[in-house]
Amino acid sequence: MELSSKYNPQETQDKWLQFWKDENIFHAKPDADKKPFTIVIPPPNVTGILHMGHALNNTLQDILVRYKRMNGFEVLWMPGTDHAGIATQNVVEKQLAKEGRTRQDLGREEFLKRLWSWKKEYGDTIIHQLERLGSSCDWPRVRFTMDDAYSEAVKHAFVSLHQKGLIYQGKRIINWCPRCQTALSDEEAEHKEKNGKLYYIKYPLKDNPNAWVVVATTRPETMLGDTAVAVNPQDERYRLLIGKTLILPLVDREIKIIADDFVASDFGTGAVKVTPAHDPNDFMMGERHQLTVINVMHPDGRINKEGGAYEGLDRFEARKRILVDLEERGLLEKEEDHKNAVGHCYRCDTMVEPYLSKQWFVKMKPLANRALEAVKSQEIKIHPTRWIKVYTNWMEDIHDWCISRQIWWGHRIPVWYDENGNAYVAKSQEEAYLQAKVTQGANVSLTQDEDVLDTWFSSWLWPFATLGWPKDNLDLKYFYPTNTLMTASEILFFWVARMVMAGFEFMGQKPFSDVLIHGTVRDAKGRKMSKSLGNAIDPLEIIHEYGADALRFSLIINSGQDIFISKEKFEIGRNFANKIWNASRLVFMNCSKEAMEGDYENLEFQNLDLHSRWIIARFYETLIRVNASIEAFHYSEAEVLVQDFFWGDYCDWYLELIKAKFTDIHIQKTALFILKNSLKLLHPFMPFVTEEIYSKLQTRDQCLSLSAWPVRSEKLFCSQAAFQMQTVIDIITAIRNIRAQWNVKPGESVDVCIVCADTLLTDLVAQNKGDIKRLARLKDFVLDTKAPVLKNSAFALVGEIKIVVPLDGIIDINAEKNRMMSETAQKKKAMEGLNSRLHNADFIARAPEEIIQKEKERLETLTKEVKELEALLANLT
RNA sequence: GGACUCAUGGCUCAGUUGGUUAGAGCGUCGCCCUCACAUGGCGAAGGUCGAAGGUUCAAAUCCUUCUGAGUCCACCA
């Protein structure tokens with residue numbers, strides 16, 4: 001079995017994607033002998049195209065999933081997509097627009113047919129892309145939020161909440177998108193700070209047209225719907241005017257001056273126009289004062305017939321005209337610059353209009369209580385913990401959720417009306433009919449509510465609706481509650497918070513126990529990656545050029561809070577994959593058939609040399625730390641650890657050390673043992689290249705994805721080896737240092753004298769003489785107990801070991817002297833610090849004993865070293 | 001207006017509960033195509049941890065204030 005001389009990521013990816021699929025490797029089913037581990041995927045929009053955010057999110061999940069699977073859990077990672085009501089409808093409407101048609105031209109039924117065929121053709125795009133990333137989902141289980149079973153769950157949820165009185169219909173001011181022509185929830189209206197104007201408008205008194213009240217407004221066009229002007233009852237300026245009548249300019253309507261505590265006297269003029277149909281505060285004031293409510297706008301944002309002369313104008317056009325007309329009449333006192341935050345549709349960025357309409361709402365307070373408590377009590381843990389506060393703030397100040405949407409793509413609201421307008425909430429028309437029949441007689445005819453539900457009203461059921469809820473079944477019993485949810489912060493309120501509420505409400509249990517909020521992927525300049533900015537890096541392009549492993553590895557190793565990425569960053573992963581490949585090649589080329597086919601999983605400690613004991617110790621140290629990092633969701637830390645070990649210890653030291661003795665069967669076995677176990681450690685991060693190399697091993701499991709994670713063997717772990725080996729490494733490094741310093745060409749061998757008084761150390765050096773000679777490129781090697789008198793030599797100290805390298809004719813003795821003097825000075829400075837600390841009575845009195853002890857030891861070593869250095873310096877003169 | 005995060009060598013980030021001479025990677029510089037890998041090897045330079053103050057025997061690490069960058073929330077028109 002051999003590895004090709006050049007690693008081909010594409011071929012490897014294709015091969016293993018096929019294998020995993022053919023063998024259905026990632027299928028999860030209830031297994032009483034194993035513990036379940038379930039992860040909740042944030043289902044991407046069905047219109048989605050893989051971007052770096054998906055790549056990051058899925059890699060994070062896949063790392064955990066593969067780790068847990070290898071640790072013996074029955075892992076369920078169910079993939080799926082979200083029907084994304086407005087977004088998807090927009091896509092197909094755009095298509096229609098190209099044909100010069102609208103959805104209304106087609107009619108509801110035809111339009112929906114069109115949507116479904118679009119879904120059939122393009123809906124799996126993102127799923128296939130996630131697969132290419134290496135995501136080890138249970139692919140055949142793929143779910144869609146509009147699957148039949150899922151739809152049943154949605155209806156069930158609606159009816160059940162309605163029965164509890166948690167869903168109601170109400171006429172209220174909601175966020176309205178004039179372009180999408182639908183209501184939005186508060187979360188779907190994104191507040192954006194805008195530099196606007198505050199207009200001061202004179203409203204003349206009826207009694208005295210030469211006197212007026214000035215009101216300040218940012219939206220003058222809404223004055224067409226004004227039905228009062230309000231002032232604070234405490235405001236002296238207006239006290240006498242309360243109850244008087246004003247003439248609304250341009251409209252000539254008579255409106256009253258009312259007093260309301262809501263009005264802040266210090267803003268604007270202290271008098272505010274009241275437009276109950278177009279502002280939530282005004283609406284509430286209107287209710288308090290029984291004001292007339294006049295809606296002046298069509299759903300598309302044009303002024304309606306209530307607007308008189310302005311009828312038919314778009315809201316912004318109307319604003320311009322109204323300002324001109326007011327100006328002409330001398331009623332526009334002034335305008336001021338004014339910053340304010342205005343809601344924008346999160347799907348099309350159109351400025352949202354506060355709009356009065358009849359919608360369905362969910363009462364959130366009763367649902368929020370349990371969800372709040374769960375996070376506060378750590379029953380659900382949010383990582384990093386700072387998000388807890390964000391979550392609790394939102395939950396504590398929660399508003400009712402507007403769930404009806406005036407679009408066609410989505411779950412139609414399960415409500416039917418009879419001819420008299422009575423509503424029947426039911427899971428089906430048949431059930432509604434049974435209800436209606438009781439009061440309306442058998443001939444009652446029903447029509448279903450035209451609206452559909454907010455997409456998130458289905459998404460919040462995901463953790464259990466995908467498992468078959470509301471039907472009781474084994475999957476649901478075994479896999480719920482789930483374990484971990486990993487997601488970007490953007491959908492904390494939209495989705496995460498609501499899933500928690502839904503979990504408790506419908507299942508009586510939390511939906512998951514850990515939530516990991518990860519950062520956003522940004523470009524090198526820190527901007528969000530987006531199509532419109534043109535700064536997006538396409539993950540598929542990276543997969544094609546560098547490989548999926550490289551994409552995954554680089555993405556994770558760069559992940560701090562947010563992830564700043566540029567194309568070159570992916571070389572890190574590519575290079576590492578290449579290194580793994582080549583190191584494996586070296587091992588395979590040097591291992592005998594006997595070693596390859598033998599049982600190198602059960603090494604005997606007594607057969608191992610120092611180097612092998614050392615690399616095993618280093619491996620287990622790494623393993624323990626990697627485990628801890630993964631459990632703590634610190635994946636980038638885990639990657640650094642594995643990379644440091646594999647590249648820095650295994651490749652750079654161990655493989656170099658054993659090259660001279662690769663014929664030894666025990667060495668071969670150890671090399672294979674470490675390689676195999678390293679592949680396991682690397683696998684969650686780089687699944688493809690590791691599977692491929694693993695598959696060339698003779699003794700192995702069906703595939704690496706299903707193999708068992710390593711466990712530290714106490715029999716093989718030897719901390720002494722680690723210490724001894726470090727000394728050998730330090731000696732070699734010190735000599736290499738000297739060579740580089742004096743520019744000794746690699747081809748030129750030098751002699752060296754190693755001076756050491758300690759017998760144990762002397763033995764160690766003697767045993768490793770060959771390796772030191774080879775790796776430091778030495779001609780000859782003298783081991784002595786005391787320093788010889790050698791002129792023209794370079795010196796180095798490694799603990800108690802002195803290294804003398806004669807460099808006659810090469811060395812500049814004065815430069816070497818200077819170097820050693822500065823080294824001495826450095827050490828002396830450190831000694832000073834230690835001395836002053838150790839002579840500080842407070843330090844001695846208050847610092848823990850072990851710290852003092854450490855400092856003392858440190859001082860002792862430094863003193864010794866300085867002494868040695870000074871002796872060597874004296875030798876030089 | 002409220003909340004939060006970040007500020008460490010040229011760049012991107014580590015730095016666990018405060019405890020030796022602050023770590024990586026990239027980049028830079030020097031030497032090397034050594035028969036696994038130049039997507040490589042060996043070595044070097046470079047920071048006192050945004051500013052000021054405080055707590056402490058001891059602070060990059062805790063507290064306060066300030067400055068700068070960013071994020072989220074918000075019905076004062």
Side-chain angles (χ1 to χ4, degrees), chain A residues 3 5-7 173 186 191 198 215-219 222 230 262-264 266-269 271-275 279-284 338 340-341 354 384 386-387 389-390 393-394 397 399 489-490 492-493 520 524 526 546 550 557-566 568-569 571-590 628 632 634 636-637 640 643-644 651-652 655-656 659 733 736-741 743-747 775-777 826-827 829-830 833-834 837 840-848 850-852 854-855 857-859 862:
Chain A
L3 296 175
S5 63
K6 188 138 179 68
Y7 172 51
I173 299 269
D186 292 344
H191 286 265
L198 192 58
V215 297
T217 180
T218 51
R219 294 192 301 149
T222 61
F262 164 79
V263 181
D266 55 357
F267 186 89
T269 61
V272 59
K273 61 193 266 317
V274 184
T275 324
D279 184 280
N281 293 310
D282 293 7
F283 182 75
M284 287 187 283
H338 179 69
N340 67 337
R386 69 190 148 92
W387 291 104
K389 199 166 175 185
V390 179
N393 283 351
W394 185 79
D397 188 32
H399 293 91
S489 60
E490 283 93 334
L492 183 60
F493 306 140
T520 307
Y546 298 92
I557 207 159
N558 274 296
S559 60
Q561 291 207 25
D562 277 349
I563 293 97
F564 298 89
I565 211 107
S566 57
E568 307 81 66
K569 294 260 170 106
E571 289 173 8
I572 299 171
R574 179 200 59 178
N575 295 356
F576 188 40
N578 187 253
K579 188 73 184 178
I580 299 168
W581 184 264
N582 279 297
S584 307
R585 272 184 71 207
L586 175 75
V587 174
F588 288 174
M589 276 158 53
N590 283 285
H634 296 163
S636 112
E637 188 178 88
V640 170
Q643 191 187 28
D644 273 0
C651 295
D652 288 348
L655 293 183
E656 291 303 329
K659 271 179 180 171
T733 305
R736 283 172 171 174
N737 232 310
I738 289 170
R739 295 184 62 112
Q741 173 99 30
N743 225 332
V744 182
K745 299 280 179 215
L775 295 184
R777 296 172 169 277
Q826 229 176 11
K827 287 188 196 277
K829 208 177 147 196
L834 286 166
R837 222 170 304 164
N840 182 335
D842 284 331
F843 176 72
I844 300 299
R846 304 195 189 187
E850 55 176 282
I851 297 291
I852 299 172
K854 263 191 193 170
E855 302 275 67
E857 278 165 24
R858 174 81 193 128
L859 182 62
L862 275 171

Only stems of 3 or more consecutive Watson-Crick or G-U pairs count here, both distances under 3.5 Å; name the ones for RNA chain B, or none. B:1-7 with B:67-73, B:10-13 with B:23-26, B:28-32 with B:40-44, B:50-54 with B:62-66

Excluding sequence neighbours, so at least two apart, what forms salt bridge (Lys or Arg N to Asp or Glu O under 4.0 Å) with R837(A)? E855(A)

Base versus backbone protein contacts along nucleotides 72-77 of chain B [heavy-atom cut-off under 4.0 Å; B, S, -]: -SBBBB

What residues form a side chain to side chain donor-acceptor pair (under 3.5 Å) with W387(A), not counting sequence neighbours? none

Listed partners of S584(A) passing side chain to side chain donor-acceptor pair (under 3.5 Å), at least two apart: none

For R219(A), all residues meeting salt bridge (Lys or Arg N to Asp or Glu O under 4.0 Å), sequence neighbours excluded: E353(A)

Residues in side chain to side chain donor-acceptor pair (under 3.5 Å) contact with D644(A), at least two apart in sequence or another chain: none

With B for base contact, S for sugar-phosphate-only contact and - for none (protein heavy atoms under 4.0 Å), nucleotides 37-45 of chain B reads B-BSSSSS-

Between protein and nucleotides 68-70 of chain B, what N or O pairs are separated by less than 3.5 Å?
none

Holding to salt bridge (Lys or Arg N to Asp or Glu O under 4.0 Å), I want the full list of residues that pass it with K659(A), two or more places apart in sequence or in another chain. E656(A)

Its contact letters, B for base, S for sugar-phosphate only and - for none at protein heavy atoms under 4.0 Å, make nucleotides 58-64 of chain B read -------

Please identify each residue that fulfils side chain to side chain donor-acceptor pair (under 3.5 Å) with E637(A), with sequence neighbours left out. S629(A)

